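Each chain gets a letter, A, B and so on, in the order the sequences are listed, and its residues count up from 1. The model shown is predicted, which means the values in this text are computed figures rather than measured ones.
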2 protein chains.
Amino acid sequence: MVTEREFLDGYDPRAYPAVAVTVDIVTLTIRDGVLNVLLVERGEQPHAGRLALPGGFVREETLDQAARRELAEETGILPRVHLEQLATFGDPGRDPRMRVMSIAYLAFAPHLPEPTVGGDAAAARWVPVDTASGLAFDHDAILAAGLERARAKIEYTPLATAFVDDEFTIAQLRGVYTAVWGEEPHAGNFHRKVLSVPGFVADTGATTQRGGERGGPRSKLYRAGDARILHPALLRPSLER
Amino acid sequence: MVTEREFLDGYDPRAYPAVAVTVDIVTLTIRDGVLNVLLVERGEQPHAGRLALPGGFVREETLDQAARRELAEETGILPRVHLEQLATFGDPGRDPRMRVMSIAYLAFAPHLPEPTVGGDAAAARWVPVDTASGLAFDHDAILAAGLERARAKIEYTPLATAFVDDEFTIAQLRGVYTAVWGEEPHAGNFHRKVLSVPGFVADTGATTQRGGERGGPRSKLYRAGDARILHPALLRPSLER
DNA sequence: CGAATAGTGTCTCTGAGACAGTATTTT
DNA sequence: AAAATACTGTCTCAGAGACACTATTCG
């Protein structure tokens, strides 16, 4: 990594152009069957009034801690959120003021109430991903990277369970795939498949209190299983193969 | 990302603790059937004398450009190397001198001569990944991340072709999978599979000049095809399913 | 010649997807 | 009753893996 000539003990960091390091978070959830992303409205220039991903400076903490802290500040506490590093965006000029390295994180959240504006954010709100464009800075690209990661990740990991409540039905889980992929898997085959993948879901023995709103039997309730990867994977129908 | 209160127009970056930003590169190649990684020997403290991943400071350039530039400086020019961002390592204390954000890159290189020590590196050399441990800083973890990425990536992309010459035989391609995965796919099934995946390889019409060293027919020569993803994928035999 | 290897044939088993059918619950 | 939905049965086809076989070329 750091080479000898450039980074001697006597090296003075202040002799180099300053670089700011931030984390920006693509937080996804599903509301009314639609994939939503958490955005904040910028109050200051540049890009005042535009929507942006929540984020902030990295302090004396790990990057993961920084992401978790920022997310908690924006939305109130988030106990069971899945967080993972996505990619780092640091091209010159992405922020007009100075060089900013943004370490993007991806978060999968279950359905939550409206975000509590506890932190810095002037106004944080959920926005359907279809209508989230024209974001500040290069956040359109960061969001796109997060969406693609999420779509790929629920294929071979049980992370779709991070979008639903602790106990859920197979139909609710299917709703996650429908919302994230933008297309509905075949209900019957999906059902059998989910139950056949070892460790994906665990039966609770309970069922829902009533059937669907427009009829239908009560469904069994499941919990997330202990598998960390899905074998075999659930592959997206499209993505021309 | 950057919030209003913390990053006003009058914000003074020098008021914050300085952060250095580097790129570190996991460069993989195959030498004599063994997966090797490019390492440099550190001349200065900390970790003087230990091996480390090559890398250096990010200048006024994109992160991809920084990685490509550093790699060229360490190894002489690299025309057809595949480079991709891996992850960012920036926990406090990973460098004892100051906060250093390292944006790790992964490079797939065809077999190359010994690296030309054109750049900063005191001594750069290829090291079999099996024997590459005890690296400086947190480079063991970065290397591990690179290896796992490489192993997964050749499953569903044609990037294994980045490890071989422009024209190659199926057996050479199989050697790539053997070296990267650490286990040999079944020769006959591998052969048929590679030819059956659309766009993985393209027939050149030519064959090798002679058969194997210990006998066997001449093999056909192929070039990389135009596929960017492999359908269906080549899955690792192990990785208990 | 004997050994090694390229490339192909074939069989079995798993799993994906299409489709249909049954049971249960709603309005 | 009619509609909706949970869940299951069954068929077909693609593909993975095991194994065997032929053809070619080396020492």
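- To the nearest angstrom, P of C:dT14 lies 17 Å from CG of B:Leu235.
- Contact annotation: the side chain of B:Pro158 approaches that of B:Leu230 to within less than 4.5 Å [non-hydrogen atoms, C-beta and beyond].
- Atom-to-atom, NE2 of B:His231 to P of D:dA14 comes out at 17 Å; the value is rounded to the nearest Å.
- Across D:dC7, C:dA18, D:dA6, the shortest atom-to-atom separation from the side chain of A:Arg174 is found for D:dA6.
- Taking atom CD of residue A:Glu184 and atom P of nucleotide C:dG17, one finds them 14 Å apart after rounding to whole Å.
- Protein atom CG of B:Leu195 is 13 Å distant from nucleotide atom P of C:dA6, rounded to whole Å.
- What separates CZ of A:Phe190 from P of D:dT5 is a distance of 16 Å, to the nearest Å.
- In this structure, A:His139 and A:Phe137 have tilted ring planes: the angle between them lies in the 30° to 60° band.
- For A:Arg192 and D:dG9, a side-chain-to-base donor-acceptor distance below 3.5 Å is present, hydrogens and geometry of angles not being considered.
- Put simply, B:His191 has no side-chain N or O that comes within less than 4.0 Å of OP1 or OP2 on C:dA6.
- Looking at heavy atoms from C-beta onward, B:Arg50 lies out of side-chain contact with B:Leu135 at the 4.5 angstrom threshold.
- Counted by atom type alone, A:Thr88 and B:Thr88 present one or more donor-acceptor pairs between their side chains at under 3.5 Å.
- Residue B:Ser196 is the one, among B:His186 and B:Ser196, whose nearest nucleotide of DNA chain D lies closer to the 5' end (criterion: closest heavy atom).
- Here D:dT5 presents its C1' atom at 14 Å from CD of A:Gln172, a figure rounded to the nearest Å.
- Atom CG of B:Asn189 and atom C1' of D:dC19 are 9 Å apart (whole Å).
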Review point. So B:Lys153 and B:Glu84, salt bridge (Lys or Arg N to Asp or Glu O under 4.0 Å) or not? Walk me through it.
Key: CA-CA 11 Å; B:Lys153 202 102 188 200; B:Glu84 64 182 55; 3.2 Å; yes

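- When heavy atoms are screened at a 4.0 angstrom cut-off, A:Ala171 is found touching the sugar-phosphate backbone but no base atom.
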Check your understanding: Could you walk me through whether A:Phe163 and A:Leu173 pass the side chain to side chain contact (heavy atoms under 4.5 Å, CB included) check?
Key -> CA-CA 8 Å; A:Phe163 284 112; A:Leu173 192 61; over 6 Å; no

Practice item. Summarise protein proximity over nucleotides 21-27 of chain D in one line of letters, 5' to 3': B for base, S for sugar-phosphate only, - for none, counting protein heavy atoms closer than 4.0 Å. Key: ---BBBS

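- Taking atom CD1 of residue B:Ile170 and atom C1' of nucleotide C:dT8, one finds them 13 Å apart after rounding to whole Å.
- Annotation: B:Phe168 is not in aromatic contact with B:Tyr222 [ring centroid separation under 6.0 Å not met].
- Across the interface with DNA chain D, nearest-nucleotide mapping of B:Gly188 and B:Pro232 shows B:Pro232 to be the residue nearer the 5′ end.
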